[in-house]
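Structure record follows, encoded as structure tokens.
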Amino acid sequence: MIKQPYVDFRSYHLGFHLGLHVQDLFIKNSLTFYDDQYWCADVPDYSPGISLGIIIDKRIHSFFNIRFIPTMHLGTKKVVFKEQQSKIIQIETLHSYYLQLPVEIKYRAVRIHNYAPYLTAGGYGIYDLGKQKYAPMQMKRFDYGITIGIGCDFYFRYFKFCPEVRFNFGLRDILRKPTENRLLESPFLSALSGAKSRMIMIVFNFE
């Protein structure tokens with residue numbers, strides 16, 4: 001039985017999503033010595049975070065919708081610094097409270113019975129609401145980038161359930177360059193010359 005046969009003809013509809021994500025940093029190491037020490041940095045593993053958001057969807061074509069999806073991301077990143085000669089390891093944990101404002105275009109394939117696969121692509125701005133005043137490693141609060149996703153609409157009697165995998169690629173260098181005083185206090189920061197954000201999400205949309 002075909003469920004909600006006319007739901008995709010609505011001009012507007014609302015929804016919400018919840019999901020899990022992992023945050024990453026694409027780190028550019030400076031490859032220089034500081035005070036006879038040579039540090040390198042990486043994010044070797046990931047900690048899951050929580051994502052919560054609302055969906056505002058506008059139909060613009062039979063198979064295309066434009067979507068605004070304000071979302072909160074609560075999560076952490078662990079950056080591991082290693083001194084290459086002494087093998088000393090320093091771990092910095094960055095807590096993030098992101099408010100993300102993405103605008104996406106959704107392309108939905110032809111519906112087959114009660115499901116329809118789709119692709120999304122768009123851009124976003126994101127702001128970190130957390131305080132980093134006393135953290136040795138500091139990031140700029142505002143970032144922007146592109147987002148792409150793949151998912152599937154499953155039609156039920158009263159709603160659509162839409163699992164989706166989404167990828168965020170930050171385009172801005174969000175590293176606050178360490179001052180000389182901070183390098184004296186925390187020489188492992190000499191490893192860093194740039195950093196860009198990455199995020200992978202598994203979200204469950206209810207529309």
Side-chain angles (χ1 to χ4, degrees), residues 1-26 46 48-75 77 96-130 139-174 195-207:
M1 183 179 69
I2 301 297
K3 299 175 183 177
Q4 300 195 76
Y6 305 109
V7 66
D8 293 323
F9 294 97
R10 295 177 182 171
S11 294
Y12 295 91
H13 71 264
L14 301 176
F16 70 93
H17 74 214
L18 53 88
L20 299 175
H21 73 266
V22 293
Q23 300 177 20
D24 191 11
L25 284 175
F26 179 75
Y46 308 108
I50 298 173
S51 300
L52 302 168
I54 61 174
I55 301 167
I56 303 171
D57 185 286
K58 171 72 170 68
R59 180 176 180 264
I60 56 177
H61 185 269
S62 298
F63 299 107
F64 289 92
N65 294 53
I66 186 168
R67 295 155 71 83
F68 178 53
I69 312 176
T71 303
M72 281 292 301
H73 303 289
L74 310 178
K77 298 179 285 290
S96 301
Y97 307 92
Y98 288 135
L99 173 61
Q100 184 184 28
L101 302 174
V103 177
E104 302 176 355
I105 296 293
K106 175 180 176 180
Y107 168 72
R108 186 184 64 257
V110 175
R111 176 174 174 172
I112 303 173
H113 299 296
N114 288 317
Y115 70 91
Y118 66 83
L119 299 172
T120 65
Y124 66 85
I126 195 168
Y127 187 79
D128 191 351
L129 301 174
M139 298 293 168
K140 298 172 184 175
R141 288 196 170 189
F142 177 72
D143 191 15
Y144 56 86
I146 58 175
T147 177
I148 59 175
I150 182 170
C152 189
D153 289 340
F154 291 95
Y155 297 80
F156 292 88
R157 184 173 180 181
Y158 297 111
F159 64 91
K160 287 195 301 182
F161 172 63
C162 318
E164 180 182 336
V165 178
R166 190 178 303 165
F167 304 89
N168 285 354
F169 301 93
L171 300 178
R172 187 187 189 201
D173 181 0
I174 59 173
K196 294 184 179 181
S197 65
R198 301 285 188 267
M199 189 183 298
I200 303 174
M201 292 171 278
I202 298 176
V203 297
F204 302 98
N205 302 315
F206 298 86
E207 304 178 30

**Study point:** Side-chain heavy-atom pair L101, F68 within 4.5 angstrom cut-off
**Key:** yes

Review point. Can you find a pair of side-chain heavy atoms, one from V7 and one from H13, that are under 4.5 Å apart?
Key: no

Check your understanding: Is there a side-chain contact between I54 and L14, using heavy atoms and a 4.5 Å cut-off?
Key -> no

Practice item. Mind checking the CD1-CD1 spacing from I148 to I105? Nearest 0.5 Å is all I need. Key: 15.0 Å

Practice item. Decide if atom CG of L74 counts as having more than 12 heavy atoms of other residues, nucleotides or ligands within a radius under 6.0 Å. Key: yes

Practice item. Of all the heavy-atom pairs spanning R10 and R59, show the shortest one and how long it is. Key: O-CB, 3.3 Å

Check your understanding: Considering residues, nucleotides and ligands other than F169, do more than 12 of their heavy atoms fall under 6.0 Å from its CZ?
Key -> yes

**Study point:** Straight-line distance of Q4 CD to N114 CG, nearest 0.5 Å
**Key:** 9.0 Å

Check your understanding: What's the spacing between Y107 OH and L119 CG if we round to 0.5 Å?
Key -> 8.0 Å

Exercise for review: Flag the pair Y144 / I126 as yes when at least one side-chain heavy-atom distance between them is below 4.5 Å, and no otherwise.
Suggested key: no

Give the table of side-chain donor-acceptor pairs shorter than 3.5 Å for residues 152-166, with sequence neighbours excluded, one pair per line with atom names and distance.
| unit_1 | atom_1 | unit_2 | atom_2 | d |
| --- | --- | --- | --- | --- |
| D153 | OD1 | K106 | NZ | 3.2 |
| D153 | OD2 | K106 | NZ | 3.0 |
| Y155 | OH | D8 | OD2 | 2.5 |
| K160 | NZ | D8 | OD1 | 3.2 |
| E164 | OE1 | Y118 | OH | 2.8 |
| E164 | OE1 | R166 | NH2 | 3.4 |
| E164 | OE1 | N205 | ND2 | 3.1 |
| E164 | OE2 | R166 | NE | 3.0 |
| E164 | OE2 | R166 | NH2 | 3.3 |

Point to revise | S96-H73 side chain donor-acceptor pair, cut-off 3.5 Å | key: no

Review point. At their closest point, which heavy atom of T71 faces which heavy atom of S51, and how far apart are they?
Key: CG2-CB, 4.3 Å

Review point. Within the distance-only criterion (no hydrogens, no angle test), does the side chain of D57 pair as donor or acceptor with the backbone N or O of Y12 below 3.5 angstrom?
Key: no

Practice item. Enter the distance from H113:NE2 to M1:CE here, rounded to the nearest 0.5 Å. Key: 13.5 Å

Exercise for review: Establish, yes or no, whether a centroid distance under 6.0 Å links the rings of F16 and F206.
Suggested key: yes

Revision key, fill the gap. So the salt bridge (Lys or Arg N to Asp or Glu O under 4.0 Å) pairs with at least one residue in residues 195-207 (sequence neighbours excluded) are R67-E207

Point to revise | Of D24, N168, T147, the residue whose pairing with M199 passes side chain to side chain contact (heavy atoms under 4.5 Å, CB included) | key: N168

Check your understanding: OG1 of T120 to CZ of F167: how many Å apart, nearest 0.5 Å?
Key -> 10.0 Å

Check your understanding: Under 3.5 Å, is there a donor-acceptor pair between the side chain of R172 and the main chain of F142?
Key -> yes

Review point. Which heavy atom in G130 sits nearest to a heavy atom in R141, and how many Å separate them?
Key: O-NH2, 3.1 Å

**Study point:** Shortest non-hydrogen contact between D143 and L171, atoms and distance
**Key:** OD1-N, 4.2 Å

Practice item. Please report the C-alpha distance between I69 and H17 in whole Å, then the side-chain angles of each, then the deciding distance to 0.1 Å, and finally whether the side-chain contact (heavy atoms from CB on, under 4.5 Å) criterion is met. Key: CA-CA 9 Å; I69 312 176; H17 74 214; 3.3 Å; yes

Check your understanding: Which pair of heavy atoms, one from R108 and one from S62, lies closest together, and at what distance?
Key -> NH2-O, 2.9 Å

Point to revise | Minimum heavy-atom distance between S197 and Y124, given as atom pair plus value | key: OG-OH, 4.3 Å

**Study point:** By side chain to side chain contact (heavy atoms under 4.5 Å, CB included) - contacts of V22 (at least two apart)
**Key:** Y46, I200

Exercise for review: Taking atom CD1 of I50 as the centre, report whether more than 12 heavy atoms of other residues, nucleotides or ligands fall under 6.0 Å from it.
Suggested key: no

